[in-house]
Amino acid sequence: MLELRILRNEKDRVTEGLKKRNLPDEVIDLVEEIIVMDDTRKKSQSEMDAILAQINQISREVGDLMKTGKRDQAEDLKTRVAELKETNKVHEESLRNAQRLLEEKLITLPNIPHVSVPFGKTPEENEVFKTWEGPLPSLPENALPHWELAKKYQVFDMELGVKISGSGFILYRQNGARLQRALINFFLDEASAAGYEEIQAPLLVNSDSARGTGQLPDKEGQMYYVERDDLYLIPTAEVPVTNIYRDVILKETELPIKLTGYTPCFRREAGSYGAHVKGLNRVHQFDKIEIVRIEHPDRSYDALMEMLQHVEGLLQKLELPYRILRLCGGDMGFASALTFDFEVWSAAQQRWLEVSSVSNFETFQTHRMKLRFKSEQGDTKLAHSLNGSALALARIVASLLENHQTPEGIRIPDALVPYFGKNRLS
RNA sequence: GGAGGAAUGGCAGAGCGGUCGAUUGCGGCGGUCUUGAAAACCGUUGACUGUAACAGGUCCGGGGGUUCGAAUCCCUCUUCCUCCGCCA
């Protein structure tokens, strides 16, 4: 949620930023509407406060009068308070309404894109920020897509996933199960080595947590929901991990906070069908190692670059062809101010697959979560939050299988051999 | 699942209808003393809102109620603790 203060003080920057997201004019106009609503809110609030101040004052006088036995005078004051309370009901009501309306509107505004975010509406307009050095691998004529390779080498079984759960659920077996475990351990070790504290978090979260990181109300339909217990299955470790610090005031010296966690991620992916969902391209449950950082506002963009390097290092170690995109305004997530996506080349499908998304949310999440820090000067300020996938497994497996296929089997990159136990999957 | 108890500032812990936003201790910060540190002593130390700055307002787990007045009384929800039952 955007800070009202920013709307009021930097209206031009806000409206310019929102235009980058290609939002309709009605949304842009909301900024002005919200400011007007806030004026109304302030007015009601101060009127109410004045009356409350009177009531407090009179109540004290009543106390004194009662003690000194002046009951008649006390009775007069009591009726006066009753009148004031009656008047106050009106203000209370309008304050509640103003606040509710304000909140409803404010929560619909996405984050303001960073200045470096390019204009654009669709994924095609994302800016290629960096591409790996080597050429895209050229595979032999008989190269197979990962879902064929999976059958050939006993990596995963789509039919069993369907039998047990439904479409979009994968059952990994033999080589695949071991490869999953190898990748998870590899990614966690890399994150630990980079100074991230390893977290094992709950996979079901309450609505406060889902709201804290912005999944509610924006992505409600994308999450699995357990109605009986009012809990959501996490769509990413970002939710439980970032919410560790919901409602927390940190000391400035505690920053930065660097956390990592492996979790399965559950996504309904409602409305996604067709060729692009084939195999591991889009599934309801996948494994992901997430890195999360809570940063001082002055350092958050440096931190973002560090995260980028970390993820890039992983892809290099896995010897996968990748590129980094700076997302355009139209393609960015709701809560993000700047997002870089990593894509790996799916050689057999001849297309790029998104495997990581690294974002700075600035104060968008921390405002909602009340995640603050106390500065050296003693004032409390909102921290910045960032996160990124490092990495998402399913598509990495897809890319690994396709790019490293050889007539003798799937070549395992050197960095992964100690985890997988052998240098070839066959 | 059943029975009982509890929830107060960073922590511990008083207050149980009227200057209580809250006694006190610890911790933190500043100072005195000291070459420096410790100890001792003195002072200071919650958040939100509001204002140009004051003032004012709100917050004692959440929500609702009683009252002129609620941290204190009542209802309700949540969480934690103890005991019993069940169980990986």
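Note on naming: letters A, B, ... go to the chains in the order of the sequence lines (proteins, then strands), and numbering restarts at 1 for each one.
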Discussion item. Tell me if the centroids of the rings in A:Phe364 and A:Phe334 come within less than 6.0 Å of each other.
Written reply: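 So the answer is yes for these two rings.
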
Fill in: Distance flag, aromatic centroids of A:Phe373 and A:His296, threshold under 6.0 Å
yes

Between [X] (side chain) and [Y] (backbone), is there a donor-acceptor pair under 3.5 Å?
X        : Y        : answer
A:Thr108 : A:Lys105 : yes
A:His91  : A:Glu47  : no
A:Asn111 : A:Ala335 : yes

Discussion item. Across nucleotides 43-67 of chain B, 5' to 3', mark each nucleotide with B, S or - according to how protein heavy atoms within less than 4.0 Å reach it.
Written reply: ---SSSSSS----BSS---------

Distances under 3.5 Å between nitrogen or oxygen atoms of protein and nucleotides 75-81 of chain B:
none

What interatomic distance, in whole Å, is found between [atom1] of [M] and the corresponding atom of [N]?
N      : M      : atom1 : answer
B:rG10 : B:rC48 : P     : 12 Å
B:rC20 : B:rG56 : P     : 15 Å
B:rU23 : B:rC74 : P     : 25 Å
B:rU19 : B:rU72 : P     : 14 Å
B:rG28 : B:rG9  : C1'   : 13 Å
B:rG30 : B:rG17 : C1'   : 39 Å
B:rA3  : B:rA14 : P     : 28 Å
B:rG57 : B:rG21 : P     : 10 Å

Practice prompt. For a salt bridge (charged side-chain N to carboxylate O under 4.0 Å, His left out) with A:Glu16, tell me which candidate from A:Lys19, A:Arg13, A:Lys20 qualifies.
Written response: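 Result for salt bridge (charged side-chain N to carboxylate O under 4.0 Å, His left out) with A:Glu16: A:Lys19.
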
Item to complete: Let me have RNA chain B in dot-bracket notation, would you? Count Watson-Crick plus G-U wobble pairs, both distances under 3.5 Å, and use [ ] for pairs crossing earlier ones and | for inter-strand partners.
Response: ((((((((.[[[..)..(.....]]]((((((.......))))))((((......)))).[[[[[..)....]]]]])))))))....

Fill in: A:Arg178 and A:Asn175: CA distance, side-chain angles, deciding distance, side-chain hydrogen bond (donor to acceptor under 3.5 Å, both in side chains) verdict
CA-CA 5 Å; A:Arg178 191 178 179 90; A:Asn175 288 318; over 6 Å; no

Worksheet item: Pick the nucleotide of RNA chain B nearest each of A:Ala82 and A:Ser59; which residue has the one closer to the 5' end?
Response: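 The residue closer to the strand's 5' end, by nearest nucleotide, is A:Ser59.
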
Item to complete: Under 4.0 Å between any heavy atoms, over every strand shown, what does A:Val81 touch: base, sugar-phosphate, or nothing? Just pick one.
Response: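 Since only primed, P, OP1 and OP2 atoms lie under 4.0 Å of A:Val81, the category is sugar-phosphate.
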
Worksheet item: Got more than 12 heavy atoms from elsewhere within 6.0 Å of CD, A:Gln174?
Response: yes

Fill in: CG (A:Asp72) with more than 12 external heavy atoms under 6.0 Å
no

Discussion item. Measuring only between side-chain heavy atoms, which start at C-beta, is A:Leu338 closer than 4.5 Å to A:Leu327?
Written reply: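 A side-chain contact is absent here, since even the closest heavy-atom pair is not under 4.5 Å.
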
Worksheet item: Do A:Arg326 and A:Ser116 meet the criterion of a side-chain donor-acceptor pair at a distance under 3.5 Å?
Response: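 Distance-only check passes for A:Arg326 and A:Ser116.
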
Practice prompt. Give the rounded distance in Å between these two atoms: CD1 of A:Ile55 and C1' of B:rG69.
Written response: 10 Å

